J.: 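Here's a structure for you.
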Amino acid sequence: MSDKRKAALESQLDGRQIKAALMCVEREFAAEEDRLTFDTLAEEIGVSRKTLHQWRTQKRAFIDYVNYLADDFLSADRAKVYRQLMRAIDGSQPSIKAIDLFFRRFGLITQQVAVETKDAGSARSNDELAAEIDELDGLLAEEK
């Protein structure tokens with residue numbers, strides 16, 4: 001996401017919401033034992049837990065900003081992810097899933113779907129279609 005997008009999101013939030021978004025992302029990346037409760041976060045930000053919950057679940061700009069920050073945090077670990085992917089490929093029993101992911105990541109495999117239709121017969125003339133419609137109309141009339 002560009003700095004322009006970040007600025008656009010931040011312009012829709014106040015200072016408390018920007019701080020809350022950062023704290024929510026840090027909370028998610030923290031080790032379980034170090035993770036702050038939402039009550040604690042709300043208190044540090046100066047809002048109620050209910051307000052924080054509403055921002056996190058209902059305010060689109062807040063949600064998008066949190067996702068932006070999370071992506072930014074994760075991008076710093078991309079090299080670690082690639083290293084693990086290569087370990088899965090280079091191991092004594094290479095992972096087919098890892099190889100597939102590698103090829104897809106670099107656009108070397110694309111999913112293509114081909115749909116073939118088979119002609120149900122030769123093209124019918126208008127007279128043949130009219131005759132079939134008349135036959136179907138007759139069947140419908142008999143059922144009444």
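The figures here come from the full heavy-atom set of this structure, side chains too, leaving out hydrogens, waters and symmetry mates. Because the structure is predicted, anything quoted here is derived from the model rather than measured. Sequential numbering from 1 along the given sequence is applied to the chain's residues.
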J.: Shortest non-hydrogen contact from F29 to A70?
T.: CZ-O, 3.9 Å
J.: Has N126 got more than 12 heavy atoms of other residues, nucleotides or ligands less than 6.0 Å from its CG?
T.: no
J.: Is there a side-chain contact between E128 and E132 in this structure, where contact means two heavy atoms from C-beta onward sitting under 4.5 Å apart?
T.: no
J.: Run F38 and R56 through side chain to side chain contact (heavy atoms under 4.5 Å, CB included) and show every step you take.
T.: CA-CA 11 Å; F38 286 114; R56 291 179 34 247; 3.4 Å; yes
J.: Should T37 and L41 count as side-chain neighbours, where that means a heavy-atom distance under 4.5 Å?
T.: no
J.: Taking all non-hydrogen atoms of both residues, which atom of L13 and which atom of K59 are closest, and how far apart?
T.: CD2-CE, 3.6 Å
J.: Transitively linked via ILVMFWY side-chain contacts under 4.5 Å: V47 with F62?
T.: yes
J.: Determine the minimum heavy-atom distance between L9 and A61, stating which atoms define it.
T.: CD2-O, 3.9 Å
J.: Given 3.5 Å as the limit, does a donor-acceptor pair link the side chain of T57 with the main chain of H53, or not?
T.: yes
J.: Check the hydrophobic clustering (I, L, V, M, F, W, Y; side-chain heavy atoms under 4.5 Å; chains of links allowed) and say if L74 and Y82 are grouped together.
T.: no
J.: Around E43, counting heavy atoms of other residues, nucleotides and ligands shown, do more than 12 lie under 6.0 Å from its CD?
T.: no
J.: If we only count heavy atoms from C-beta on, is the F102 to M86 side-chain gap below 4.5 Å?
T.: yes
J.: Hey, could you give me the CD/CZ distance between E44 and R16, rounded to the nearest 0.5 Å?
T.: 14.5 Å
J.: Output yes when a side-chain donor or acceptor of R27 lies under 3.5 Å from a complementary backbone atom of L36, and no otherwise.
T.: yes
J.: Let me see the working for L85 and R105 under side chain to side chain contact (heavy atoms under 4.5 Å, CB included), right down to the final yes or no.
T.: CA-CA 11 Å; L85 177 62; R105 167 64 183 91; 5.8 Å; no
J.: Do you know which two heavy atoms are closest between Y65 and I18, and how far apart they sit?
T.: OH-CG2, 3.7 Å
J.: First locate atom CG of D90, then atom OG of S95, and finally report the distance between them rounded to the nearest 0.5 Å.
T.: 11.5 Å
J.: Does a sphere of radius 6.0 Å around CZ in F73 hold more than 12 heavy atoms from other residues, nucleotides or ligands, not counting ones at 6.0 Å or beyond?
T.: yes
J.: Using modelled atom types only, decide if a donor and an acceptor are shared between the side chain of Q84 and the backbone of V81 within a distance under 3.5 Å.
T.: no
J.: Under the criterion side chain to side chain contact (heavy atoms under 4.5 Å, CB included), I'd like the reasoning laid out for C24 against L52: C-alpha separation, chi angles, the key distance, then a yes or no.
T.: CA-CA 10 Å; C24 285; L52 179 59; 4.2 Å; yes
J.: Let me see the working for D64 and Q12 under side chain to side chain contact (heavy atoms under 4.5 Å, CB included), right down to the final yes or no.
T.: CA-CA 11 Å; D64 290 345; Q12 298 174 52; over 6 Å; no
J.: What's the spacing between T40 OG1 and R49 CZ if we round to 0.5 Å?
T.: 10.0 Å
J.: Please check if the number of heavy atoms outside E33 that lie under 6.0 Å from its CD is greater than 12.
T.: yes
J.: I'd like to check I45 versus M23 (side-chain heavy atoms, cut-off strictly below 4.5 Å). Are they in contact?
T.: yes
J.: Kindly compute the distance separating CZ (F103) from CD1 (I89), expressed to the nearest 0.5 Å.
T.: 8.0 Å
J.: Is any side-chain heavy atom of W55 less than 4.5 Å from a side-chain heavy atom of Q17?
T.: yes
J.: Which donor-acceptor pairs under 3.5 Å do the side chains of residues 134-141 make with protein atoms, sequence neighbours left out?
T.:
none

J.: Identify the two heavy atoms, one from P94 and one from I99, that lie closest to each other, and give their separation to 0.1 Å.
T.: CB-CD1, 4.2 Å
J.: Pairs in or reaching into residues 72-81: which pass salt bridge (Lys or Arg N to Asp or Glu O under 4.0 Å), with residues at least two apart or in two chains?
T.: D77-K80
J.: Could you tell me which non-hydrogen atom of L69 sits nearest to which non-hydrogen atom of V25, and how far apart they are?
T.: CB-CG2, 3.8 Å
